[in-house]
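What you are looking at is a predicted structure, and each value in this text was computed from that prediction instead of being measured. So you know, we letter chains A, B, ... as the sequences are listed, proteins then strands, and number each from 1.
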Amino acid sequence: MVFSQRTVTCGGLTKADDGKRVVLNGWVHRERNHGAIFFINLRDRYGITQVVVADDADKELSDTASKLKMEYCISVTGTVRLRPEGMINLEMSTGEIEVKAEKIEILSTCATLPFMIEDENKAREDLRLKYRFLDLRCSGMQKRIALRHYFVKAIRDFLSARDFYEIETPTMIRSTPEGARDFLVPSRLYPGKFYALPQSPQLMKQLLMCSGFDKYFQIARCYRDEDARGDRQLEFTQLDLEMSFVQRDDVLALMEQLFCHVFKQILDYDLPVHFRRIAYKDAMNQYGCDKPDLRFEVEMKDFDALAAKSTFGAFHEALASGKGAVRALVAPKTEGVEFTRKYIQELESAAKIYGAHGLAWMKVADGKLNGGVSKYFEGMDDEVISSLGAGEGDMICIVAHPQWKKCCTSLGAVRSKLGKDLKLIRPSFEFCWIIDFPLFSYNEDKGHWEAEHHMFSMPQDRFIPTLESDPGSVLGDLYDLVLNGYEVASGSIRIHDVELQRKIFRICNFSDEEAEEKFGFLLNAFRFGPPPHGGIAPGVDRLVMIISQQESIHEVIAFPKNTFGVDPMDGSPETVDQKQLDELHLIINYPKKEEKQS
RNA sequence: GAGGGAGUAGCGAAGCUGGUUUAUCGCGCUGGCCUGUCACGCCGGAGACCGCGGGUUCGAGUCCCGUCUCUCUCGCCA
């Protein structure tokens, strides 16, 4: 197709270009027809420029102009001129100039739009996803995709300058029996055999360490066949990173420098040089989760002793086994929010989602405990109020549970809800490290220990003697990076010793034979002088989401899947031809529809 | 696997406790007018069996049951 190709973009013209003859290519963003004069806002990736078809236009030009509709793709040839006095639009970066059209070519027309191309598309998400190519024309999406590009570029620049190599690893690998469900790819050449898509390049990067590439990173696509959430979907992108000859603090320091650099580069935002470090146990006790939002101050307090002194039966029951806990927090008196029965009930349901049986509460009025469970604290008013630091008009919320973790997470949910409802959250970026995670957790259903993180993380030295006798109390050289209540990175110092690695497999119920069968290639590599190494993997989607103030990673992914793993645009996943199945030696065993009992 | 929310023209919404109506409004679409707009303005028009299927009722967008789709959360996600 022959057409007038652009000489400039729609974002770049200024009054310095006055008088210049230019060609613009772009989309009709808005069109205003005043009869004998037309205004066209022409849009491309770089911005919007006003095109004028003036009253002196010939018939051909004004006929073409009158045919234009939103989202027609056109080429405009014309001359830049200053806008007349009083017609300057300060809202637009190009608002001081306009292009007087001499020729307009319609490059393609546009059907009736399913939604308007605006700054932020207000259509339902499934419609946005079906017409994602149009949704992406909206300036909000354009900005976020651009931000993502600059985010990744800043990472590459930073790491390259520090001698890291970017190395690609396979996306079709062996399925390994840990973590999430794998996505499988059937093999045509080997009937009955499958590749798996990587949940992360974990083992490959450890092997690269064994190869001597002591500083590695990769912007890696990862796949996990689990249900989606606002902050995760079945395929996502990680900055995967690994280093040899390092200890935990080297990794943490590098990440602190990296994020300081990146935030300065793309947001001109100054992060602190060091991020706060919180032990997992303290995070649970104080914030009720392992990814605390530190943008507001409400903290949970140990209420075991005071609960034991109270006369409230539920507290005593929770503590009876010795494994339970009672935690309390103070909801600050806030203008515009009444701690009504209805609101307290809302808080209680938030707690119940995480297993709490109830939410105990009392208010501080005239320096005394009032309402709720206050009658069980007779004579303890001053003690309770001062130990929690509660003030006049504040409300004390208490959760008791026979399981420590459930007690904490339930009250943590209350804390989160208060943060939002009482508008306590500051607009800022609050990073912190969560360290000293337990290495194992006991899986009641399966009846054996499992790795909290993954089986390749190093136990902290002091626990190595008691590894097998007391797995539950072993802390690992594990670390999560948390930002504004989201886990944005997770990593560890890895095991590089065959015997220690075998021990960990055994604790996680893998026999030596099984371990050899599934992870033999790693164990084999560890026989040939593996270096001590460790790394981390920040989630790119999540970080860009938080930086761009969004609540769903869909807003920063060009073509995301919906909550059911379906792409409404291309319709995937979809059935395939019988021929394809035959080639792959597959027979589909459809699930039987359950007969409904009538 | 479980729970909460939603579904009304192409899009976004209103429609209270069942009953004045031809189901309302904004955007878009469409016909016309308009020489400085920039979310242009003005006049006119088309477009919805109120997700789908039953039921209750003299009467259902509204109440009940079922079902589908979407969305958030728990479980799950090292």
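- Using the Watson-Crick or G-U wobble rule with both distances under 3.5 Å, G18(B) pairs with nothing in any strand shown.
- Across all strands shown, Glu71(A) has no heavy atoms under 4.0 Å from either base or sugar-phosphate atoms.
- If you check U35(B), G28(B), C38(B) against the side chain of Met116(A), the one that comes closest is G28(B).
- Rounded to an integer number of Å, the gap from NZ of Lys122(A) to P of G28(B) is 12 Å.
- Atom P of nucleotide U30(B) and atom CG of Leu113(A) are separated by 11 Å, given to the nearest angstrom.
- Checked against a 6.0 Å centroid threshold, the rings of Phe437(A) and Tyr479(A) do not count as neighbours.
- Sparse packing is recorded around NZ of Lys406(A), with 12 or fewer heavy atoms of other residues, nucleotides or ligands lying under 6.0 Å away.
- Enclosure of atom NZ in Lys417(A) by more than 12 non-hydrogen atoms of other residues, nucleotides or ligands within 6.0 angstrom is indicated.
- Stacking between Phe39(A) and the base of U37(B) is present: ring centres sit under 5.5 Å apart and the planes differ by under 30 degrees.
- The nearest heavy atom of RNA chain B to Val52(A) and to Asn33(A) marks one nucleotide each, and the one closer to the 5' end goes with Val52(A).
- Among the heavy atoms of the strands lying under 4.0 Å from Met70(A) are primed sugar atoms or P, OP1, OP2 only; no base atom is included.
- Among the protein residues, Ser349(A) comes within range of no part of the nucleic acid, since none of its heavy atoms lies under 4.0 Å from any strand.
- Between Glu102(A) and Thr79(A), the side chains place a donor N or O and an acceptor N or O closer than 3.5 Å (distance only, hydrogens not considered).
- Protein atom CZ of Arg32(A) is 20 Å distant from nucleotide atom P of C33(B), rounded to whole Å.
- As judged by a 4.0 angstrom heavy-atom cut-off over every strand, Leu127(A) is placed among residues touching the sugar-phosphate backbone only.
- No close placement of the Phe526(A) and His496(A) rings is indicated, their centers lying 6.0 Å or farther apart.
- For Tyr343(A) and Asp421(A), the side-chain atoms include at least one donor-acceptor pair closer than 3.5 Å.
- Between the CG atom of Leu134(A) and the C1' atom of G28(B) there is a distance of 14 Å, given to the nearest Å.
- Atom CH2 of Trp27(A) is surrounded by 12 or fewer heavy atoms from other residues, nucleotides or ligands within 6.0 Å.
- Contact annotation for Pro114(A): backbone-only contact, meaning every heavy-atom pair under 4.0 Å involves sugar-phosphate atoms and none involves a base.
- The side chain of His34(A) contributes an N or O atom lying less than 4.0 Å from OP1 or OP2 of G36(B).
- Judged by distance alone, the side chain of Arg502(A) and the main-chain N or O of Ala515(A) form no donor-acceptor pair under 3.5 Å.
- In this structure, Ile37(A) places its CD1 atom 13 Å from P of C38(B), rounding to the nearest Å.
- One cannot find a donor-acceptor pair under 3.5 Å joining the base of C38(B) and the side-chain atoms of Asn41(A).
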- prompt: Nucleotide by nucleotide, 5' to 3', does protein get under 4.0 Å of the base (B), only the sugar-phosphate (S), or neither (-) in nucleotides 70-77 of chain B, counting heavy atoms?
  reply: SSSSBBBB
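- Across every strand in view, C25(B) sits in a pair with G12(B) that passes the Watson-Crick or G-U test at under 3.5 angstrom.
- For the pair Glu118(A) CD and G28(B) C1', the computed distance is 10 Å after rounding to whole Å.
- In terms of polar N and O atoms assigned as donor or acceptor, the side chain of Glu98(A) comes within less than 3.5 Å of the base of G36(B) in a complementary pairing.
- Taking atom CD1 of Ile117(A) as the reference point, atom C1' of G28(B) lies 12 Å away to the nearest angstrom.
- Only the P atoms considered, G12(B) is 28 Å distant from U20(B), to the nearest whole Å.
- Between the P atom of C38(B) and the NE2 atom of His29(A) lies a distance of 14 Å, rounded to the nearest Å.
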